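Written below as structure tokens is the structure these notes are about.
The shown structure was predicted, so the numbers you read here are calculated from the model rather than taken from an experiment. Positions are given from 1 along the sequence.
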Amino acid sequence: MALAIGIADQQGELKDYEVRSLDPRSIPGRVVVAWVLLGPRTAYRVIEYENGQVTCDCPDASYRKRMCKHVRSLRTEGLLREPRQGEAT
């Protein structure tokens, strides 16, 4: 079963993403949960590790080293944990 969420782009236009679960065992490291977000022309993987670190392979997260809209949206939907004090984000 897939979930659909809307995420606003830089211009504020809502883009629909299909959210699918990935098998955490297929990803190296101590992974808690992993998702793939399928957008109109892109697909991004969001991975949450046991230590609280969350990664996304979108350009915003990969190159600018900041929390991206994909991670924020998955947290809003309750699909990722909120960071605890002292945890990596």
If hydrophobic clusters are built by linking Ile, Leu, Val, Met, Phe, Trp and Tyr wherever their side-chain heavy atoms come under 4.5 Å apart, do [X] and [Y] end up in the same one?
X: L38; Y: I7; answer: no
X: V36; Y: V32; answer: no
X: M67; Y: V33; answer: yes
X: L37; Y: I47; answer: no

For [X] and [Y], work out which heavy atoms get closest and say how close.
X: A61; Y: C56; value: CB-O, 3.4 Å
X: K15; Y: P40; value: CD-CG, 4.2 Å
X: L14; Y: A8; value: CD1-N, 3.8 Å
X: D23; Y: S26; value: O-OG, 2.6 Å

Any chance you could lay out the side chain to side chain contact (heavy atoms under 4.5 Å, CB included) test for I27 and R45, step after step, and finish with the verdict?
CA-CA 11 Å; I27 301 165; R45 288 187 337 159; 4.1 Å; yes
Could you check if a side-chain atom of [X] sits within less than 4.5 angstrom of a side-chain atom of [Y], using non-hydrogen atoms only?
X: E18; Y: L3; value: no
X: Y17; Y: T42; value: yes
X: P59; Y: Y44; value: yes
X: V46; Y: L80; value: yes
X: V19; Y: L79; value: yes

With a 6.0 Å cut-off (strictly less than), is the heavy-atom count around CZ of R64, excluding the residue itself, greater than 12?
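Above 12, so yes.
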Passes side chain to side chain contact (heavy atoms under 4.5 Å, CB included), L74 versus W35? Steps please.
CA-CA 9 Å; L74 290 175; W35 303 100; 4.0 Å; yes
Any carboxylate oxygen within less than 4.0 angstrom of a Lys/Arg side-chain nitrogen, looking at K69 and D60?
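Salt bridge: no.
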Does the pair E77/R75 count as a salt bridge with the N-to-O cut at 4.0 Å?
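Between R75 and E77 there is no salt bridge, as every charged N stays at least 4.0 Å from the carboxylate O atoms.
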Which value, rounded to the nearest 0.5 Å, describes the distance between S73 atom OG and I5 atom CD1?
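Reported value, rounded in 0.5 Å steps: 5.0 Å.
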Report yes or no: does E48 contribute a side-chain atom to a donor-acceptor pair with the main-chain N or O of Q53 at less than 3.5 Å?
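Not confirmed, E48 side chain does not pair with Q53 backbone.
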